[in-house]
Amino acid sequence: SVKTDSWKQRKIHLDEIERYMQSDRDFIDDAALTRAIAANRNPDSLRIREIIAKSLAIETLNIDEAAALLNVSDPELLDEMEAAAGQIKRKVYDNRIVTFAPLYLSNYCVNNCRYCGFRLENKKIRRMTLSMDEIRRETEVLCGDIGHKRLIVVYGEHPVSDIDYMVESIRTIYDVAVPARQGIGRIRRVNVNAAPLCVEDLKRLHAVGIGTFQVFQETYHHATYARLHPADTIKGNYRWRLYCMHRAFDAGVDDFGIGALFGLADWRFEVLGLLAHTHELERAVGIGPHTISFPRLEPAKNTPFLQDSRLRVAEADFRKAVTVLRLAVPYTGMILTARESAETRRALLPLGITQVDASSRIGVGAYANPAVDNSQDNRQQFVLGDLRSLEEVIRELAEEGTITSFCTAGYRCGRTGKRIMDLLRSGKEGKFCKLNAVLTFREWLDDFAAPETASAAEPVIQKEIKEIEQEQPGMVKTFKEYYRRIADGERD
Ligand code: SAM
Ligand code: SF4
C-alpha cells in the first residue's frame, strides 16, 4: 500500500545517530572483538580465578577478561565459573525470580529480517493488529485469570502500530482492573519490545509510563547484520538500532533491555558484542543495561533461513554464554524466555537468570482466544519451547526454595536507571526487595494459587520471613503490619 511504501522510505533521523557517534566508526569494532577471542586462548587457571574474583566483587569485566572466560574448557574451571555465576545472582538479586508474559499486539512489519516469520515477504502468515477492545480482553486474561503483573508488549515495525498505537495500547493495558479472589488483578509494569524509535517518540513512551525499553541488536557482527537485514529496509541501518538506547536515555527512558539473537553469528562474538554495548552505555550515559536477553533462533513458519543455518548454538555453548554474561555484567537482569524448553530453562536458571516468562502465548490475540493453537498457529513469530503455566512454574520454583516476586515498586517509586543500578551493585537491592517480594508473593498466592501451589510456597515464605527477622530487625514491625493487611484483603 502507499502508506507502507512511504513508511519503508521513512527518513532515519541521521542527526540522531550522528549526535552520539564519537568518530566516524561506531563502538563495535568487529576486528578487535574477533582478535580478543583469539588472543585469550588457553587462559591459565590463576588468571581465570582472578577474573572470577572481580565478577564476585560486582565489577563489569573488560573484553579480554570475558574472552578468556569464553575460552575456558577445563571442566573444573567451568564448574567454578558456574558456581560463581549462581553466587553473583544471589548476592545481587537474592533467591528471587521475576515473571512476565509477552503480549504480541501486531505482526505487521515492513522489514525483511531473513529469520523472522513476520517479515514483509512472508505471505503465508495471517496479519493482525489488535483493537483496543481486543487488547483489553487479552489483558483481562493475563492479569485477571493468570495473575501476571508484568508484560512485555511486542510490535512489528509498521504504520498500523506506529507511536500513536503504541501509546494508546499501553494506556489501555494500564487501565484494565479485574476482580481476583481477594484483590484486583492489574498490570503494574509494561515493558516494550519494539523497533528503535526517534527521541520524540521515545519521550511519548516515557510519558505513558513504560518499564524497560527493549531492542535486540540481533547480531553485533556488521557483515552478518548486513546480510540478514536488507539495506532498503529501515532495519537495514545497523547504527539506527545500535544507538537507540542512547536516544532512549535522552528521552528520559533509563531502563534499557539489550539482547542478541543467538544463532546468527559466532556466539562468542555476540557475548563480546553485548559486553561492548554495556561498556558504551556505562561510558556514555553512566548506566548499563537493566536487562540482557539472549534468545536463540527458533524455527519460524515459512522461513527457510534456518534450514541452512549451521550456527545453531549447542546446549553446552549456550550454557557457557549465559555463565560468561552473568560474570561479565554482574549487576544486570538476565532474561530467559519460553523459546527454550522447560528442561533447558531448569538447567540454566541456577546460572544467574533473574526473569522468565510463563503461560506465554505468542499468537496475536491468543490469550483471549483459546482456539489459537500455541504450537503451530500461523499468526505467531516462531514456535515456543516451554508451554508451562505461570502456576506450574511458580510451584516448581517454590519447591526449590525460590521466591517469585511480583514487585514492581522499584519502578513505581522511581528506582530506575542509575538509582537501581547503584543499589544492585552494592548488593542492597537484594535485601531491600526481600520484603516487597514476600508481600507481593503472598498477594499472588491468596489471589490466584491453587491449594497445592500455596502449600508448596508456604515453607519459602516462612524461610524468607525468618531471614527478614534476622537480617533486617528494624523492618520487622512494619513488614508484619503489611503482611497482616494483605491477609485481610488489602492490596498493593
Ligand atoms: N520488530 C521489532 C524488532 O525487530 O526489533 C520488535 C519485535 S521482534 C518480533 C522481537 C524480537 O524477536 C527480535 O528482536 C528478534 O530478536 C526476535 N526474533 C525474530 N525472529 C526470531 C526467531 N525466528 N526465533 C527467535 N527469536 C526471533
Ligand atoms: Fe519485523 Fe522485528 Fe520480525 Fe524483523 S524481527 S521482520 S523487524 S518483527
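Counting starts at 1 for both ligands and their atoms, in listed order. For this chain, numbers begin at 1 and follow the sequence in order.
- Near ligand 1, heavy-atom contacts under 4.0 Å come from Tyr115, Cys116, Val154, Tyr155, Gly156, Asn193, Ala194, Ala195, Phe216, Glu218, Lys235, Arg241, Leu261, Arg296, Leu297, Glu298, Arg339, Gln381, Phe382.
- Remark: Arg35 engages no residue in a salt bridge (Lys or Arg N to Asp or Glu O under 4.0 Å) (not counting sequence neighbours).
- Salt bridge annotation for Asp29-Arg25: present, with a cationic side-chain nitrogen under 4.0 angstrom from a carboxylate oxygen.
- The environment of Glu400 atom CD is dense: over 12 non-hydrogen atoms of other residues, nucleotides or ligands sit within 6.0 angstrom.
- Listed by chain and number, Cys113 SG are the protein N/O/S atoms closer than 2.8 Å to atom 4 (Fe) of ligand 2, with waters left out.
- Salt-bridge formation is detected for the pair Arg283/Glu280: a Lys NZ or Arg NE/NH1/NH2 atom is positioned less than 4.0 Å from an Asp or Glu carboxylate oxygen.
- Checked against side-chain hydrogen bond (donor to acceptor under 3.5 Å, both in side chains), Ser106 has the following partners two or more places apart in sequence or in another chain: Thr129.
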Stepwise side-chain hydrogen bond (donor to acceptor under 3.5 Å, both in side chains) test for His13 and Glu200 | CA-CA 11 Å; His13 299 244; Glu200 200 185 313; over 6 Å; no
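- Contact of the Leu264 side chain with the Leu297 side chain is registered, since non-hydrogen atoms from C-beta on lie closer than 4.5 Å.
- Geometrically, Arg296 does not engage Trp267 in a cation-pi contact defined by less than 6.0 Å to the ring centre and at most 45° from the axis.
- In Glu315, the CD atom is crowded: over 12 heavy atoms of neighbouring residues, nucleotides or ligands sit closer than 6.0 Å.
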